[in-house]
Number of protein chains: 2
Amino acid sequence: MSGKERLPVRGAQGDLLRLVAGGQAESRAELARLSGLAASSVSLRVEELIGSGLLVEEGSGSSRGGRRPRRLRVSPSAGLLAVADLGGRHARLGLLDLSGSPLVVEERPCDIALGPEATLDWIAASFEELLATHAPPGVPLRGIATGVPGPVDPATGRVVSPSRMPGWNNFPVAEHLGAHYDLPVLVENDANLLAVGEARAWPDAETLMVLKAGSGIGCGVIVNGSLHRGRGAAGDISHVRVRTDSSVTCSCGHLDCLEAYASGAALMSVLAEQGIAVGRPSDVVALVDDGIPEATALVRNAGRLIGEVLTVLVNFLNPDAIVVGGSLSRAEPLISAIRAAVYERCLPLATRDLEIAVSRSGPDAALLGAGTLLLDAVLR
Amino acid sequence: MSGKERLPVRGAQGDLLRLVAGGQAESRAELARLSGLAASSVSLRVEELIGSGLLVEEGSGSSRGGRRPRRLRVSPSAGLLAVADLGGRHARLGLLDLSGSPLVVEERPCDIALGPEATLDWIAASFEELLATHAPPGVPLRGIATGVPGPVDPATGRVVSPSRMPGWNNFPVAEHLGAHYDLPVLVENDANLLAVGEARAWPDAETLMVLKAGSGIGCGVIVNGSLHRGRGAAGDISHVRVRTDSSVTCSCGHLDCLEAYASGAALMSVLAEQGIAVGRPSDVVALVDDGIPEATALVRNAGRLIGEVLTVLVNFLNPDAIVVGGSLSRAEPLISAIRAAVYERCLPLATRDLEIAVSRSGPDAALLGAGTLLLDAVLR
DNA sequence: CCAACTTCTTTCGAAATCGAAGATAAAGCG
DNA sequence: CGCTTTATCTTCGATTTCGAAAGAAGTTGG
């Protein structure tokens with residue numbers, strides 16, 4: 001339907017376009033500084049990009065003491081990205097323009113337990129719906145990305161041994177999702193997408209740990225400004241053994257995994273045992289906000305356990321910041337307990353300038369991250 | 001004395017020279033592949049480098065099915081690097097050529113407790129001695145590097161809060177060591193140097209954890225093929241809390257740090273309590289080799305504790321390999337206990353292709369690492 | 001308001017880089 | 001042994017990039 005044509009970018013144009021699209025540069029001068037190209041070369045390439053309709057000049061930026069820069073933006077008609085973030089019981093879906101800004105974002109209920117085919121076909125149908133409703137006429141779709149709540153092999157786009165995605169093991173998600181399109185398709189772990197999305201909001205941080213505290217616990221790692229995947233499974237902290245008095249066997253077969261104590265699912269099941277029924281992790285936050293002592297104590301304990309695990313990782317990785325996202329991140333006691341544990345036990349050298357903060361990018365962070373990663377695939 | 005002249009490399013020449021010096025490329029064709037430059041450009045630049053005496057053509061390499069490549073090497077007369085690795089009671093010192101190959105390496109006793117001035121002046125004098133004895137006439141010194149057993153602020157070359165270097169806190173090591181020369185001077189943590197040195201022997205590993213098990217415990221982290229420093233303190237694992245029955249207060253003021261149980265110093269002090277006097281960590285290895293049960297049990301326990309800490313980090317970082325170096329690494333029970341703990345408790349996804357091995361680069365690894373890092377500074 | 005200074009952007013000749021085609025050299029194979 | 005295949009290295013015209021200089025547009029401060 002909407003276009004399958006390759007973007008007409010050659011050589012250095014792609015680099016420049018990516019810098020503008022990624023929000024890192026807004027003027028020819030910034031492009032010259034960041035790309036390492038000579039100002040004259042930048043001007044030439046930018047002229048070409050404007051000529052081919054991918055960039056537009058839009059007013060002028062604010063002066064830094066001299067002539068005002070002429071502000072550059074990716075043209076709204078340069079293309080669209082369809083992005084999704086799949087959770088256990090609902091998904092967020094959206095369309096972004098090529099600068100990564102959302103045109104529309106929706107949250108819809110869905111159930112990944114229905115299996116990969118049904119779920120992915122539903123995503124594709126939802127994308128078509130969004131495109132039909134919200135895409136300006138003539139603007140082509142340039143790429144598709146989705147986040148999934150499990151480990152992804154980056155090479156193949158397959159889900160690998162996902163603990164919370166029954167029936168998905170080794171399913172070729174990227175292949176299936178992109179079957180009807182001739183477009184770049186990207187599949188990535190949800191915490192990794194969140195991390196990439198947050199990283200855009202932390203431009204000064206080279207090393208970043210982004211925790212996703214939802215019904216599971218995940219962590220995305222940014223090293224040197226870009227996502228660290230390791231062999232595909234990096235960022236897992238849910239199956240670290242924690243020190244507790246009691247003793248619980250985790251679904252992975254080991255004793256006392258962090259996930260068994262501090263994940264949203266674990267908190268919900270403890271609350272259920274105490275006769276407090278809750279349906280989703282954000283309900284736990286609501287209970288905390290309402291001052292229910294059982295919930296607060298549970299969340300604080302979860303924070304302490306998470307913090308103790310982070311302790312090891314902070315000493316080791318020495319990040320610039322820890323960002324906490326996911327639905328549980330809105331619970332104040334969680335953050336403060338994490339802070340307390342990390343600051344108490346870590347080396348002063350590691351916590352000297354360490355910031356521990358709640359997500360800056362809001363609920364769409366993962367979708368923005370999907371856009372950022374997808375841009376790299378599209379503009380190259 | 002010997003030269004202070006800058007290397008006459010401009011633009012792309014530096015990149016090419018670095019690739020040859022770093023052992024990554026041996027022929028024009030490899031240079032073209034790795035540098036991304038066109039083969040023709042590579043030929044031109046290589047011709048220039050040969051003309052200025054920095055590169056030499058030396059026989060031919062082995063064919064990969066076609067014409068043999070003409071092997072390139074950095075000229076032995078292109079320059080020398082003076083490198084040192086400072087330990088608590090002794091130092092290794094050496095001279096390397098610009099391809100990072102050692103001309104001479106010596107181990108000499110020294111005592112860092114004498115303070116920074118005395119120690120650094122001694123290093124400088126030792127360098128002069130080595131140069132006078134071993135440097136071919138007319139070959140200029142191009143750079144100086146030393147490893148130190150403590151955290152280093154990479155920006156300033158100062159040692160920061162080192163626990164095992166009394167009197168060194170905040171001392172401007174790089175500045176002092178380089179005072180008499182107008183040359184690049186590099187100061188780096190010893191475990192980090194070891195990691196860089198090992199990384200050369202693991203060309204296929206993008207993510208690498210290199211453990212230095214000596215009288216202290218350190219770890220260097222290679223991410224994406226290059227050293228990860230974080231804010232300067234990355235790689236610290238010695239002050240992670242371990243799970244034990246007993247309870248010991250570490251020098252850092254916290255309870256049950258790994259270092260207090262598993263470092264060479266800790267093992268030695270336990271052995272001393274048992275009436276077995278040993279002077280240095282390698283003596284512990286000797287005891288193990290002699291089958292002394294107390295020593296073997298201790299070392300195996302240390303390996304288990306280290307392995308349990310690595311467990312967390314392996315899940316998180318998902319490295320390609322863990323390399324164990326340092327004087328204790330020659331104790332078999334240490335390695336096997338580490339392996340057992342990691343393979344037992346880590347996620348299958350993380351251990352699937354994980355290799356846990358002893359240092360490949362031998363006792364000079366840290367010096368080679370110093371050379372590698374120094375080359376980057378010199379050839380730019 | 002004007003002069004001095006910054007910063008952004010373009011112009012234009014010089015230099016570096018590319019890429020295609022050919023020359024060189026060796027391995028594999030009937 | 002001579003052919004084909006593979007790989008390395010060089011030549012040369014076309015293209016891209018650079019860098020210095022100048023023009024454009026603003027800020028700052030007397």
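Each chain gets a letter, A, B and so on, in the order the sequences are listed, and its residues count up from 1. These numbers come from a predicted model, not from an experiment.
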Do other residues, nucleotides or ligands put more than 12 heavy atoms under 6.0 Å from the CD atom of A/Glu57?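 Counting other residues, nucleotides and ligands, CD of A/Glu57 exceeds 12 neighbours.
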Sugar-phosphate only, base, or nothing, as touched by [X] at under 4.0 Å among non-hydrogen atoms:
X	answer
A/Ala32	nothing
A/Ala39	base
A/Ser60	nothing
A/Gly61	nothing
A/Arg71	nothing

Backbone of B/Ser40 reached by a side-chain donor or acceptor of B/Ser43 within 3.5 Å: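 Not confirmed, B/Ser43 side chain does not pair with B/Ser40 backbone.
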Closer than 3.5 angstrom, by distance alone: can the side chain of B/Asn318 be matched with the main-chain N or O of A/Arg231 as a donor-acceptor pair?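 Yes, the answer is positive, given that a donor and an acceptor are paired below the 3.5 Å cut-off.
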Rounded distance (Å) that lies between atom [atom2] of [N] and atom [atom1] of [X]:
X	N	atom1	atom2	answer
A/Glu26	C/dT7	CD	P	18 Å
B/Gln13	C/dA16	CD	C1'	12 Å
B/Arg67	C/dA27	CZ	P	13 Å
B/Arg68	D/dT5	CZ	P	22 Å
B/Glu47	D/dT8	CD	P	17 Å
A/Leu37	C/dA15	CG	P	20 Å
B/Leu72	D/dT8	CG	P	12 Å
B/Leu31	C/dC18	CG	P	13 Å

When you match A/Arg70 and B/Leu44 each to their closest nucleotide on DNA chain C, which lands nearer the 5' end?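 So the residue in question is A/Arg70.
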Residue whose nearest DNA chain C nucleotide is more 5′ - A/Arg28 or B/Ser63: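 By nearest-heavy-atom nucleotide position, the 5'-most residue is A/Arg28.
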Side-chain heavy atoms of B/Ser27 within contact of B/Arg71, under 4.5 Å: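 SC-SC contact between B/Ser27 and B/Arg71 ruled out.
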Among C/dC8, C/dT10, D/dT17, the one nearest A/Arg45 by side-chain distance: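 Comparing C/dC8, C/dT10, D/dT17 against the side chain of A/Arg45, the answer is D/dT17.
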Can you tell me if B/Ser41 touches the phosphate of C/dA16, counting only side-chain N or O atoms and a distance under 4.0 Å to OP1 or OP2?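 Looking at the OP1 and OP2 atoms of C/dA16, neither is under 4.0 Å from any side-chain N or O of B/Ser41.
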Would you tell me if any nitrogen or oxygen in the side chain of A/Arg64 comes within less than 4.0 Å of OP1 or OP2 on D/dT27?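 So the side-chain polar atoms of A/Arg64 never come under 4.0 Å of the phosphate oxygens OP1 or OP2 of D/dT27.
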Residues A/Glu206 and B/Arg229 bridged, charged N to O under 4.0 Å: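 Looking at B/Arg229 together with A/Glu206, the answer is no, because their closest N to O distance does not fall below 4.0 Å.
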